[in-house]
There are 2 protein chains.
Amino acid sequence: MGNNNLCSTHILRQAKISNTKVRKSILEFLMKNHGPFSIDEIHEKISTCDSTTVYRCIKKFEKCKIVERCDFGDNISRYEYKCSEHHHHIMCRNCNRIDTVKYCFVKEMEKVLIQQGYKEVSHKLEFFGICQDCQNSNTNSEN
Amino acid sequence: MGNNNLCSTHILRQAKISNTKVRKSILEFLMKNHGPFSIDEIHEKISTCDSTTVYRCIKKFEKCKIVERCDFGDNISRYEYKCSEHHHHIMCRNCNRIDTVKYCFVKEMEKVLIQQGYKEVSHKLEFFGICQDCQNSNTNSEN
DNA sequence: CGAAAAAATGCAATTTAATTGCATTTTTTA
DNA sequence: TAAAAAATGCAATTAAATTGCATTTTTTCG
């Protein structure tokens with residue numbers, strides 16, 4: 001088996017999680033292919049395992065920061081291999097096609113997207129952090 | 001009944017949708033209170049109607065651009081009255097408290113949030129538009 | 001290496017946000 | 001004010017995601 005196998009194995013080892021056949025398949029699929037994928041899309045490619053297992057693997061990957069979740073507001077979570085360069089996405093409101101956006105200042109980015117041929121461009125931006133109340137009280141709801 | 005009632009009635013009329021008791025209650029609640037709310041939260045306040053009706057009203061409001069949907073990646077849609085000034089949100093990763101963010105350049109904004117006392121600040125930014133394929137073919141999946 | 005411990009998997013069942021169908025009620029039209 | 005159109009309540013359904021548990025695979029460590 002080739003380089004990719006070694007690579008995925010290495011990543012799993014480094015994350016200190018079990019190096020199973022299913023995890024390797026999922027990780028290799030995500031590493032070889034661009035763009036965020038839904039659980040269903042991943043499951044279709046990794047046809048050898050149950051979809052529950054995909055859910056569990058991806059959840060583990062997310063916790064280990066191997067993948068990142070993207071939300072496009074259609075109640076379907078999509079996941080992407082967390083590669084080096086910071087980027088965003090654009091989804092067509094009509095066909096749901098997802099493209100990569102490499103620029104990073106909101107208004108500027110929208111202009112570039114319009115130049116690229118997209119129309120009716122808008123964006124969703126949400127922030128996450130730990131608020132002061134939570135910093136003071138030590139209650140932490142993460143498991 | 002006071003000014004708020006007139007106001008919500010006017011908005012519904014302007015949107016050319018029926019001016020019902022339930023819709024007025026929901027709209028007035030959203031107009032009086034800041035921050036995006038889940039269907040459950042709205043339903044608890046508008047205790048006189050079925051939750052299905054809240055879903056349907058909010059969907060209608062969204063279509064008429066009276067409210068805007070926010071996604072924080074927890075599989076719960078939240079809705080906010082679409083007031084004049086452009087802004088974003090920050091949700092505490094621990095307690096899910098949601099605050100308003102009035103600034104608008106990503107990295108700058110993160111700095112301001114950190115100055116405001118938030119820690120471990122990150123953001124999610126997704127774009128939406130109509131891609132060239134969809135502009136060319138006239139298939140439109142919206143109903 | 002090989003047995004014990006730990007972790008992952010498959011399958012079935014469950015949870016929960018959201019949607020749909022349909023009879024009834026309310027609102028709008030004219 | 002009567003007819004038409006739209007909204008509502010309730011029950012049932014859909015679909016993404018989660019959980020429990022028996023079985024299998026992987027890891028640990030003597």
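What's counted below: heavy atoms across the whole structure, side chains too, no hydrogens, waters or symmetry copies. Naming convention: chains lettered A, B, ... in sequence-line order (proteins, then strands); numbering from 1 in each chain.
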Between Y81(B) and F61(B), ring centroids under 6.0 Å
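No: the rings miss the under 6.0 Å criterion.
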Roughly, in whole Å, what's the span from [atom1] in [X] to [atom2] in [N]?
X      : N       : atom1 : atom2 : result
D74(A) : dA18(C) : CG    : C1'   : 13 Å
K24(A) : dA8(C)  : NZ    : C1'   : 14 Å
K60(B) : dT28(C) : NZ    : C1'   : 13 Å
D50(B) : dA18(C) : CG    : P     : 15 Å
I58(A) : dA8(C)  : CD1   : C1'   : 15 Å
I46(A) : dA8(C)  : CD1   : C1'   : 16 Å
I26(B) : dT8(D)  : CD1   : C1'   : 11 Å
E41(B) : dA17(C) : CD    : P     : 11 Å

For T52(B) and D50(B), does a side-chain donor sit closer than 3.5 Å to a side-chain acceptor?
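Looking only at side-chain atoms, D50(B) and T52(B) do form a donor-acceptor pair, the distance falling under 3.5 Å.
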Could you check whether any side-chain heavy atom of [X] comes within less than 4.5 Å of a side-chain heavy atom of [Y], counting everything from C-beta outward?
X      : Y      : answer
F72(B) : I98(B) : yes
E68(B) : Y79(B) : no
H89(B) : E80(B) : yes
S77(A) : N75(B) : yes
I58(B) : L30(B) : yes

Checking E28(B) side chain against S25(B) main chain: does a donor-acceptor pair fall under 3.5 Å?
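No, E28(B) side chain to S25(B) backbone: no donor-acceptor pair under 3.5 Å.
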Under 4.0 Å, heavy atom to any atom of DNA chain C: which of residues 15-22 of chain A qualify?
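Of all residues in residues 15-22 of chain A, the ones placing a heavy atom under 4.0 Å from DNA chain C are S18(A), T20(A), V22(A).
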Within the sub-3.5 Å range, which N or O atoms of nucleotides 16-20 of chain D have a protein N or O partner, and how far apart are they?
| from | atom 1 | to | atom 2 | distance (Å) |
| --- | --- | --- | --- | --- |
| dA17(D) | OP1 | S77(A) | N | 3.3 |
| dA17(D) | OP1 | S77(A) | OG | 3.2 |
| dA17(D) | OP2 | Y55(A) | OH | 3.1 |
| dT18(D) | OP1 | K59(A) | NZ | 2.7 |
| dG20(D) | O6 | R56(A) | NH1 | 3.4 |
| dG20(D) | O6 | R56(A) | NH2 | 3.3 |

Please name the nucleotide paired to dA23(C) by Watson-Crick or G-U wobble geometry with both distances under 3.5 Å, or report none.
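Base partner found: dT8(D).
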To the nearest 0.5 Å, what is the distance between SG (C57(B)) and CD (E62(B))?
13.0 Å
